[in-house]
Structures are given as structure tokens and as C-alpha cells.
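Structure first, then comments.
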There are 2 protein chains.
Amino acid sequence: MPYCYNYPRPAVSSDCVIFGFDGFQLNVLLIERKNDPYKGYWAFPGGFLEMDETSEQCARRELEEETGITDACLEQLYTFSGLERDPRGRVVSVAYMALVRQSSIRPVAGDDALQAQWFPVNSLPKLAFDHDLIFRTAMQRLRQKFCYQPIGYELLGEKFTLPELVRLYESVMDQRVDRRNFYRKILRTGLLVLLEERTSGVPHKPARYYQFDRSRFEMLKKNSCFSLISRLPETLAAK
Amino acid sequence: MPYCYNYPRPAVSSDCVIFGFDGFQLNVLLIERKNDPYKGYWAFPGGFLEMDETSEQCARRELEEETGITDACLEQLYTFSGLERDPRGRVVSVAYMALVRQSSIRPVAGDDALQAQWFPVNSLPKLAFDHDLIFRTAMQRLRQKFCYQPIGYELLGEKFTLPELVRLYESVMDQRVDRRNFYRKILRTGLLVLLEERTSGVPHKPARYYQFDRSRFEMLKKNSCFSLISRLPETLAAK
DNA sequence: AATCTTAGTGTAAATTTAACACAAAGCTAA
DNA sequence: TTAGCTTTGTGTTAAATTTACACTAAGATT
């Protein structure tokens with residue numbers, strides 16, 4: 001026990017909630033734990049902080065070690081510090097989340113993981129530690145972000161069709177979206193660039209591909225704001 | 001050095017960014033540090049995590065010890081884990097923020113603090129540690145929240161007038177707001193309850209007092225969502 | 001009683017939303 | 001080859017909201 005301090009310290013770890021979209025449903029990436037505690041349980045990839053890395057670097061490192069993913073754009077989600085999170089003792093975990101193109105990622109189990117696998121968000125296995133709480137927090141945050149930011153392009157390919165985008169929104173928000181109104185709304189933002197290519201081999205009218213205009217997005221993010229509750233659903237306003 | 005572990009561990013702390021509003025400008029509560037490092041510098045109240053408390057409980061405890069504030073509603077802001085945050089060694093800090101009624105709080109220095117004092121957000125002294133980064137993060141988050149949530153009532157009294165509310169919004173967002181349109185918007189949400197009382201002793205028409213309907217707010221928070229970028233300012237949409 | 005200052009209400013045009021209908025384009029199967 | 005099926009893309013219209021204003025009201029001061 002070579003590391004000694006004047007006061008007790010919790011261990012610090014990072015965990016990653018990685019969202020992917022397969023064209024039909026929203027998934028998260030889980031690993032099966034190779035070691036105790038919770039051996040054999042599924043959990044989010046993560047591990048202990050080392051002294052020469054930030055919490056985000058730790059998340060990125062553990063993600064690569066356990067799943068092979070290297071280029072996810074991580075965003076800090078929340079820090080969990082419950083007293084009984086981990087049977088080994090006090091562990092404070094900084095959770096991160098990321099949206100990735102599921103198709104471009106082939107998760108490979110490594111290190112502490114028996115296997116890495118995608119699970120649909122509405123049928124997860126029993127999770128280790130307090131990862132169920134982490135998952136619910138991530139889901140909530142993801143939905144919030146979808147409400148007021150036209151994000152989610154990280155979840156699709158470099159190019160995508162509007163119908164795909166609608167399905168993504170419907171999956172995440174778990175509610176029906178009017179295609180036609182949605183198209184207009186999203187196109188009016190000017191964030192999508194129309195490409196020449198179309199889908200092919202489909203037994204119906206082919207869809208056009210679009211690309212996300214990241215530079216315009218950054219520009220807009222700086223300026224747009226202030227609307228004070230964007231709009232109140234009529235049904236609620238009446239009450 | 002009685003606390004020993006197999007692997008090195010960072011210390012974990014909590015810091016609190018407390019926002020207050022004095023009717024004219026937005027302020028934050030700072031303490032002057034009694035001890036090194038950064039002795040004599042101003043900093044956000046905070047301190048080290050103890051083993052029998054969560055990170056939020058730690059924030060609440062330190063806030064009380066150093067400023068006497070007991071009933072702030074803390075919200076987790078962000079966790080800072082930079083390698084060089086603290087000259088004493090590796091410290092990971094979980095930052096919280098809260099909005100309080102400045103008038104109802106008389107900050108009292110205690111414990112590690114020489115004094116506790118409100119500072120206008122646009123003229124802060126030099127801050128200890130990376131607290132300048134924490135402040136900018138908090139300010140950004142506060143503005144974001146004001147954009148899509150009719151919050152900020154914690155910053156005003158139990159009862160308040162619409163002109164006060166406008167001044168609050170103008171202070172936080174640092175931009176002009178059209179009184180008349182703002183009134184309509186905010187009233188339409190149904191979140192404000194008109195009281196009988198009016199301001200008195202003012203050399204002009206007295207303003208009416210309103211009260212925030214917290215239960216309706218909770219109800220709305222559950223249901224409202226999904227607008228996909230509330231609205232795009234015309235000036236930007238044109239580009 | 002006139003004046004000054006801020007509070008509260010109203011109006012009209014432009015924009016956006018919500019809820020639809022319909023034409024277009026590709027494959028399939030008779 | 002053509003009718004039929006499916007999904008995509010584009011309009012249309014009424015209702016609601018936003019924006020940008022002008023005007024009246026109420027209290028204190030001179």
C-alpha cells in the first residue's frame with residue numbers, strides 16, 4: 001500500500017455512455033465485465049483515473065482499451081458520488097457520453113471486457129454498479145439536447161437522408177414526428193447541404209442525401225439563444 | 001500519513017458558484033482565502049470531500065461553513081480535473097451552482113474564509129486556482145438555462161414584479177429585452193400568479209406583484225420538449 | 001395642476017406551426 | 001408492359017406566435 005495521504009480519498013473513475021443508431025433504433029454500447037465485482041454483468045466501459053490524465057482522457061483511454069473505439073467526441077455527462085456505488089469502497093465516477101456512427105464502429109472486447117456489444121436502449125440487460133442511474137441520466141440529457149439543438153448528426157453517416165433523420169428523432173424522442181413539417185424546420189436552419197447522390201435499389205422513390213454543415217452549426221451556436229421557453233404545447237397552455 | 005492505497009488517488013473537492021441578483025446586476029458570492037495556497041485571493045466557497053458524504057453534500061457543507069448559507073438549491077455544474085489545478089497536488093473538483101435571493105442572504109465569513117462578499121459578474125477580482133474557468137462555465141450554463149427555461153425565480157424574492165423580472169433577464173443575458181413582448185410571453189406560460197399587492201412609494205405607477213407557480217413548473221417540465229431549435233433569428237437565417 | 005417616470009395594455013404585419021393532400025419515382029408482379 | 005404498392009418530396013391553409021410598434025394609467029414631484 002505505497003500511496004499514503006493525511007486524509008482518506010475516494011478513488012476516481014470515468015465511465016462512457018456511447019450511443020449508436022442502426023437506422024431503426026437507438027443503442028448503447030456495453031461491455032461484459034471479466035472481473036469482480038459484478039463479474040459477468042454488463043456495464044458501461046470505464047475505469048480508474050491515472051494521475052497523469054484528466055478525467056476526459058481517462059474516459060477516452062478506457063473506451064479504447066475496452067472497446068477499440070478511438071475517435072468518439074466525448075461530452076461530460078454527470079459525476080456520480082453515491083456512497084454505495086461500488087462494493088470495493090468509495091468511488092466517485094465522472095460519466096461521459098458520446099454519439100457515434102454505429103455502422104463505422106466494430107466494437108472489440110479488450111482488457112477487462114469479455115465482450116463489447118450494442119444493446120437497444122429499450123431492452124438493456126441488468127447493469128453493474130449504479131450504471132442504470134447513469135443510463136437514465138444520459139438518456140434524459142440526450143433527449144434534452146435533441147429538443148433544443150439540431151444535433152444527432154454524429155449518430156448518422158457522413159451523408160444521410162431526411163427520412164433517416166426523422167427515424168433517428170423518432171427513436172430518440174420515442175414519439176411520432178410529422179415528416180413534412182420536420183423537413184421544412186430542419187432545412188430552414190440551413191444546416192443541411194443537399195448532395196447530388198440518391199439512395200438506390202429501394203422499391204420506391206429514392207431519397208436524396210444531405211450533409212451536415214458543421215461550420216455553420218458552430219457559427220449558429222455562438223449567436224442563437226434567448227427564446228424563453230421555445231413554445232408551449234397547446235394542450236398544456238390550456239390548463 | 002495513515003490512509004494508504006495500492007494506487008495513487010487524487011483528492012476530490014466541491015466548489016459552489018452562488019449567483020445572486022440585487023435588482024440591478026447579477027452577482028456571485030466569493031470568499032477571501034485565509035490560508036495558502038492562494039492566501040488572500042478570492043475564490044468560490046468549497047473544500048475537500050469527506051468519506052461519508054456525497055459530492056453535493058460536501059458542497060452544501062462547505063457553503064455553510066464558509067458563508068453561512070444553508071438552503072441553496074444546488075445543481076451540479078461540471079467536474080474539473082486538470083492536472084495543474086492546485087499547487088498542492090492533484091485535485092478533482094466537482095463544481096455546483098445555485099441561484100439564491102441575494103436580499104435574503106447575509107453572507108458571513110467562517111472557517112477558511114477571511115470574508116465572504118458579493119461581486120458583480122462583470123467586475124470580478126482575480127480568482128484562485130482555475131476558478132476563472134469555473135466561473136465562465138457557470139455563466140455559460142446560466143445563460144443556456146435562461147434560454148430554454150423560465151427559471152431565475154430563485155434569484156428574486158418570493159414575490160416580484162414583471163419589471164424586476166425583465167431587469168434580471170437583461171442582466172443575465174446582457175442584452176436588451178422588449179418589456180411588452182416579454183410580459184406576454186411569460187404570462188402565457190401560466191407560471192406566474194398575480195397577487196393583489198403592488199409596489200408603493202415609487203414616484204410613478206406602482207407595479208403589480210406576481211408569484212411563481214412551482215407546481216405548474218414541475219408539471220410543464222415533465223411534458224414540454226421537442227422543438228428542434230426553438231427559433232432562428234432572422235438575421236442569421238438569412239446568411 | 002402640469003410634468004416626469006415607469007407600469008400595463010393594445011394593434012397590425014410578418015413569420016411560424018400544425019395538419020393536412022397530392023404528385024413523383026422506383027420496384028414488383030400480373 | 002402496365003397496374004399497383006411504397007416511400008419521398010412539395011404544397012396549401014388556418015391558427016398561433018413573434019416582432020415592432022403606440023398609447024394610456026398611476027403615483028410622486030414641482
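In what follows, chains are A, B, ... by sequence order, proteins preceding strands, each numbered from 1. Atom set for the values below is all heavy atoms of this structure, side chains included, hydrogens, waters and symmetry mates excluded. In this text, all values refer to a predicted model and were calculated from it rather than measured experimentally.
- Rounded to whole Å, the distance from CZ on B:Phe182 to C1' on C:dT9 is 17 Å.
- The phosphate of C:dG8 has neither OP1 nor OP2 within less than 4.0 Å of any side-chain N or O from B:Arg198.
- Residues A:Tyr210 and A:Phe160 keep their aromatic ring centres 6.0 Å or farther apart.
- The CZ atom of A:Arg176 sits 14 Å away from the P atom of C:dA19 (whole-angstrom rounding).
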Expected list for residues 118-126 of chain A: side-chain donor-acceptor pairs under 3.5 angstrom, two or more places apart:
none

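- Across the protein-nucleic acid pair, B:Arg208 atom CZ and D:dG27 atom P stand 12 Å apart, rounded to whole Å.
- Listed nucleotides: C:dG26, D:dA28, C:dA7. Nearest to the side chain of B:Arg167: C:dA7.
- Distance from the side chain of A:His204 is smallest to D:dT8 among D:dA20, D:dT8, D:dA26.
- In this entry the distance linking CZ of B:Arg188 with C1' of C:dG8 reads 17 Å, nearest Å.
- Between the OH atom of A:Tyr209 and the P atom of D:dT8 there is a distance of 12 Å, rounded to whole Å.
- Here A:Arg184 lies in heavy-atom contact (under 4.0 Å) with a base.
- One can place CD of B:Glu164 at 13 Å from C1' of C:dA7, the figure rounded to the nearest angstrom.
- In this structure, the CG atom of B:Asp178 is 15 Å from the P atom of C:dG8, given to the nearest Å.
- Legend: residues meeting side chain to side chain donor-acceptor pair (under 3.5 Å) with B:Lys205, ordered by chain and number and at least two apart, are absent.
- For an aromatic pair to be called close, the ring centres must be under 6.0 Å apart, and A:Phe19 with A:Phe21 fails this.
- Annotation: the span from B:Ile18 atom CD1 to B:Ile31 atom CD1 amounts to 11.5 Å, rounded to 0.5 Å.
- Between B:Phe212 and B:Phe217, the distance from one ring center to the other falls under 6.0 angstrom.
- Between the CG atom of A:Asn181 and the P atom of D:dT13 there is a distance of 15 Å, rounded to whole Å.
- Picking from C:dA18, D:dG9, D:dA26 the nucleotide with the shortest atom distance to the side chain of A:Tyr183 gives D:dG9.
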Can you give me the N/O atom pairs linking the protein to nucleotides 22-25 of chain D at distances under 3.5 Å, or say none if there are none?
unit_1, atom_1, unit_2, atom_2, d
D:dA22, N7, B:Arg180, NH1, 2.7
D:dA22, N6, B:Arg180, NE, 3.4
D:dA22, N6, B:Arg180, NH1, 2.7

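- Enclosure of atom CD in A:Gln140 is not indicated, since only 12 or fewer non-hydrogen atoms of other residues, nucleotides or ligands lie within 6.0 angstrom.
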